[in-house]
Each structure stands twice: as structure tokens, then as C-alpha cells.
Asks: 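Pasting a structure below so you can have a look.
This structure is a prediction, so every number in the text was calculated from the model and none was measured.
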Protein chains: 2
Amino acid sequence: MNQARRGRPRDAQVDERILRTAAGLLLERGYPGLSIDEVAERAGVAKTTLYRRWPTKDHLAVAVVARLQDDDRIDDTGDIRRDLTGYMEKIADALNRMRSAGRPADRDDRSAGVVAELVAAGARHDDIGEMGRQVYARRNALALGLIERARLRGELRADLDAAVLLDQLAGALYYRVLVTGAPVDRAYAERLVAGALDGALNRKEPPTCP
Amino acid sequence: MNQARRGRPRDAQVDERILRTAAGLLLERGYPGLSIDEVAERAGVAKTTLYRRWPTKDHLAVAVVARLQDDDRIDDTGDIRRDLTGYMEKIADALNRMRSAGRPADRDDRSAGVVAELVAAGARHDDIGEMGRQVYARRNALALGLIERARLRGELRADLDAAVLLDQLAGALYYRVLVTGAPVDRAYAERLVAGALDGALNRKEPPTCP
DNA sequence: GTTATTACGCTACTGTAGTAGCGAAAAGGA
DNA sequence: TCCTTTTCGCTACTACAGTAGCGTAATAAC
């Protein structure tokens with residue numbers, strides 16, 4: 001792919017200037033402060049040029065945030081509790097990075113901010129939703145591998161519902177950011193993994209030895 | 001509160017007409033199809049009158065959806081597995097009701113639709129966010145009571161982290177609707193509760209009886 | 001009654017996302 | 001060199017959220 005195209009080639013510096021400008025506005029002023037007109041003006045670019053690359057403001061915002069994400073590898077140390085906790089911390093870090101965008105540091109920050117707008121963007125545009133689902137699928141496949149190896153080592157139940165386990169873990173983080181406004185930090189990641197591993201049922205039964 | 005006010009009283013029929021019209025548009029065409037100008041025109045009301053009641057489109061949408069929700073009581077039958085499953089089904093029903101708004105029935109419906117827009121509305125406006133958190137807090141307090149009673153009956157671990165358990169349960173539902181696009185139905189509710197109750201760790205140790 | 005107060009409808013306005021159409025510039029292919 | 005294709009900048013436009021100001025209607029307090 002990427003063969004030599006026919007007409008005038010795109011100016012890569014234009015892409016760069018737009019994305020840098022948009023990133024500045026988005027991180028400083030949040031989603032409503034990301035104005036297409038202002039991005040175009042500050043980047044020294046016609047608005048139509050911008051729309052030739054990203055068809056909506058949502059698409060531009062997704063492109064900006066996608067550049068800020070680091071890789072989504074997952075460590076496998078052989079200790080499932082430690083590895084899942086590390087995985088949760090990675091997700092929490094990514095969420096917290098977006099969460100604080102666009103608001104003064106002194107403010108009581110319970111808002112989902114940019115995270116919520118990106119989720120909504122995925123709901124508004126099929127292609128963005130599909131991108132998000134692919135990111136999720138990739139991340140989830142890696143985590144399923146981690147769990148499967150731990151299961152084979154005997155750390156986890158043989159009949160474990162791994163998909164549900166991952167929904168519970170990641171879901172709790174998103175839920176706190178998007179719905180309850182509660183913080184997601186290292187301490188919570190540890191409580192979360194502990195709860196999921198241990199289960200809720202009471203198992204203390206007096207050993208029945210004849 | 002609600003003392004006799006000074007000036008001309010508000011026309012309750014105006015509220016009703018606006019909300020009915022807005023509900024029709026929102027459920028039929030989804031969030032982008034909810035146009036303030038069109039609501040005002042169809043309801044036979046000036047746009048300024050509408051804005052006197054709901055300061056933004058987001059507020060109007062929240063008011064519409066709030067009227068569609070039923071009560072959030074939680075059954076307590078004495079069987080924690082059954083009760084939690086019922087609670088999950090209630091949340092799933094509410095999510096699914098909003099999820100299908102505004103799209104043709106034949107379409108492959110992975111989108112979060114109105115749910116995502118409402119979450120974003122909570123992030124955009126502090127007062128809406130606060131409302132959402134109060135709904136959550138109320139619901140959560142009821143569920144915490146349910147869990148505490150089950151714990152006292154001995155069904156659940158004495159050292160259970162109940163807050164985390166509820167985050168895991170409700171979080172998984174929201175996560176599937178908002179992020180992964182997976183369905184949330186009765187079968188999933190059962191898997192979810194089973195996973196949370198049983199835990200992930202392998203506990204099969206040969207009983208050590210001398 | 002009169003007055004103060006609030007609701008309502010109306011017109012006109014701003015700001016922003018997104019589109020249409022045009023001419024000029026930059027490339028490849030003939 | 002000439003033709004085609006695509007990019008880019010420009011101007012002008014639509015659609016929609018939200019606001020400002022005004023005249024008028026409906027109510028309570030006096």
C-alpha cells in the first residue's frame with residue numbers, strides 16, 4: 001500500500017501543525033475549547049484543508065488523543081495478581097491523563113471530561129466506534145492470554161469465565177470515571193484485583209474430617 | 001417549598017407538550033435528531049420559553065430520559081445470588097431501553113447511542129453530573145444494604161469489599177454498553193454475578209486431614 | 001382598581017460545526 | 001510540453017445551540 005499517488009501530495013507539516021495545535025487546545029481547554037475555526041487559524045491552515053483530513057471535530061479529537069497513548073503491552077511476571085494490577089494501573093493512567101484535560105488544577109475534579117466525549121464520539125460515528133472496539137479487542141486478547149497462562153499454571157480456577165473477569169476489572173475503572181466520579185489510582189487497582197480474585201462468597205466451612 | 005409565587009404562573013401543559021415532543025424525537029431519531037428548534041415548533045412553543053425551563057439541550061434530554069425510568073427498588077429475597085442478578089437485570093433493562101433509541105431495528109446495534117450522550121452531558125455540566133451521582137449514590141446505598149444483610153447471614157465473606165463488588169458488577173454492564181458494544185442481557189447478568197461471587201482464584205486444594 | 005413580578009411569544013442576533021464551489025499550485029503520465 | 005489529478009486556500013453558505021431585548025398576558029400584593 002501507499003503507492004505513489006497521482007496528484008499533488010499532501011503536506012505532512014500541515015498534519016503536524018494541526019495536530020499540535022489541536023492537542024494544545026484540547027488539553028488546555030477541554031473538549032468545548034477545541035474549536036475547529038481556532039485550530040485552523042492558529043495552525044495557519046484553511047478550515048477546508050482540515051476537514052479534508054478529519055471529517056468531524058470528533059475525528060480530530062480522536063486522532064489527537066490516539067497520539068498521546070503509549071503502547072498497550074501487558075507484563076507477564078508469572079504472578080497473576082501483580083500482572084492484573086499492573087494492567088489496571090495502565091488503564092487507569094490513560095484515563096486519568098484524559099480526565100484532567102481542560103480544567104484548572106484547583107477544581108474538584110470529578111468530571112469524566114474528555115473521556116466521556118470520546119465515548120460519545122464512538123457512539124455518534126460508526127467508524128470511530130469501530131476503532132475503539134478494535135483497540136479494546138486487541139487489549140482484551142492480550143489480557144485473555146495472560147489469564148489463560150495463569151489458569152494453566154493452576155493459579156486460577158479451571159472453569160473461570162475470563163471474559164467476565166476482564167469486563168469486571170476494566171469496567172469498574174471506566175464506571176468510576178464515567179459514572180460515579182470516584183478516583184482510580186494504584187490503591188483502587190489493588191482492591192479491585194483482590195476483590196475479583198478472591199470472590200465474594202463466604203467459604204469458611206469447618207473442615208469435615210471423620 | 002413551592003410556595004405561591006409572585007408573577008404569572010407557568011403553564012404546566014407547556015412542560016408536558018415539550019417533554020412529550022422531545023421524547024418522541026429522541027426515541028425516534030436519537031440524540032442528534034433532537035433539535036431544539038423542531039421541538040419548539042412541534043410543541044407550539046417559543047424557543048425562549050423552552051430555554052426558560054431547560055438551559056441546554058443536554059438538560060432537556062436528561063429530563064426526558066428521567067421520566068422514562070422506573071423506580072430503583074431492589075428485591076431482597078434472602079438469596080444474594082438471585083437478588084444481585086435481579087439488580088443487574090434492572091440496570092441492563094434501563095441501559096437497553098436507551099441503547100436502541102433512534103436507530104432502525106434491523107441495524108446491527110452496537111452503539112451506546114443515548115447512553116453515551118447522557119454520560120457526556122454529565123461531564124459537560126456540573127449540575128447534570130451531580131444529579132447522576134446522586135442517582136448512583138442512592139442506588140448504591142440500597143445495594144450496599146442488600147450486601148450487608150447477606151454478609152450478616154453468612155452468605156458473603158466477612159472481609160468483603162462491598163464497594164468494589166458493586167463497581168465490578170455495574171461497571172461491567174456500563175463497560176459493555178459504552179466501550180465494547182457487547183450485549184447486556186439476562187444470561188450475561190447471571191454470568192456476571194456468578195463470576196463476582198465465586199472469584200477467580202483456584203481453591204482446589206486437597207483437604208489436609210491427618 | 002394599581003403595581004410589581006413572572007411567563008410567554010416574537011424577532012434578531014452570535015458562535016460554531018460542517019459544506020459547496022472556485023481558482024491556483026504541485027505532482028505524475030502522455 | 002500538455003493533460004489529469006489531487007491539494008490548498010478562499011469566500012460564502014446552511015444548520016443548530018444559545019442569548020438579548022421587547023411587548024404583552026397573567027397572577028399576587030397593595
Asks: Any side-chain to backbone donor/acceptor pair from B:Asp83 onto B:Thr77? Under 3.5 Å, distance only.
Replies: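 Yes, B:Asp83 side chain to B:Thr77 backbone: donor-acceptor pair under 3.5 Å.
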
Asks: Determine the contact category for A:Leu34: base if any of its heavy atoms lies under 4.0 Å from a base atom, sugar-phosphate if only primed atoms, P, OP1 or OP2 are that close, otherwise nothing.
Replies: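 It contacts sugar-phosphate atoms only.
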
Asks: Of all residues at least two apart in sequence or in a different chain, which pass the side chain to side chain contact (heavy atoms under 4.5 Å, CB included) check with A:Tyr136?
Replies: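 Applying side chain to side chain contact (heavy atoms under 4.5 Å, CB included) to A:Tyr136 gives A:Asn140, A:Asp167, B:Tyr175, B:Thr180.
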
Asks: Do the side chain of B:Asp11 and the main chain of B:Gln13 share a donor and acceptor less than 3.5 angstrom apart?
Replies: yes

Asks: CZ of A:Arg124 versus C1' of C:dG18: gap in Å, rounded?
Replies: 14 Å

Asks: Taking B:Asp72 first and then B:Lys90, would you say they form a salt bridge - that is, a charged N and a carboxylate O separated by under 4.0 Å?
Replies: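 Result for this pair is no, no salt bridge flagged.
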
Asks: When you match A:Ile36 and A:Gly7 each to their closest nucleotide on DNA chain C, which lands nearer the 5' end?
Replies: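 Here A:Ile36 is the residue nearer the 5' end.
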
Asks: Rounded to whole angstrom units, what separation is found between the CG atom of B:Leu60 and the C1' atom of D:dC16?
Replies: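 Value for this atom pair: 14 Å.
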
Asks: Could you tell me which residues satisfy side chain to side chain contact (heavy atoms under 4.5 Å, CB included) with A:Gln134, sequence neighbours excluded, listed by chain and number?
Replies: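 Listed in chain order: A:Glu130.
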
Asks: What is the separation between atom CG on B:Leu50 and atom P on C:dC10, rounded to the nearest whole Å?
Replies: 14 Å

Asks: Over how many whole Å does the gap from A:Lys57 atom NZ to C:dT19 atom P extend?
Replies: 15 Å

Asks: When you check every protein heavy atom under 4.0 Å of nucleotides 8-13 of chain D, what one-letter string (B, S, -) results, 5' to 3'?
Replies: BBBB--

Asks: Rounded to whole Å, how long is the line connecting atom CG of A:Leu25 with atom C1' of C:dA17?
Replies: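 A:Leu25 atom CG is separated from C:dA17 atom C1' by 15 Å.
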
Asks: Could A:Arg157 and A:Asp159 be called an ion pair, given the rule that one side-chain N must be under 4.0 Å from one carboxylate O?
Replies: yes

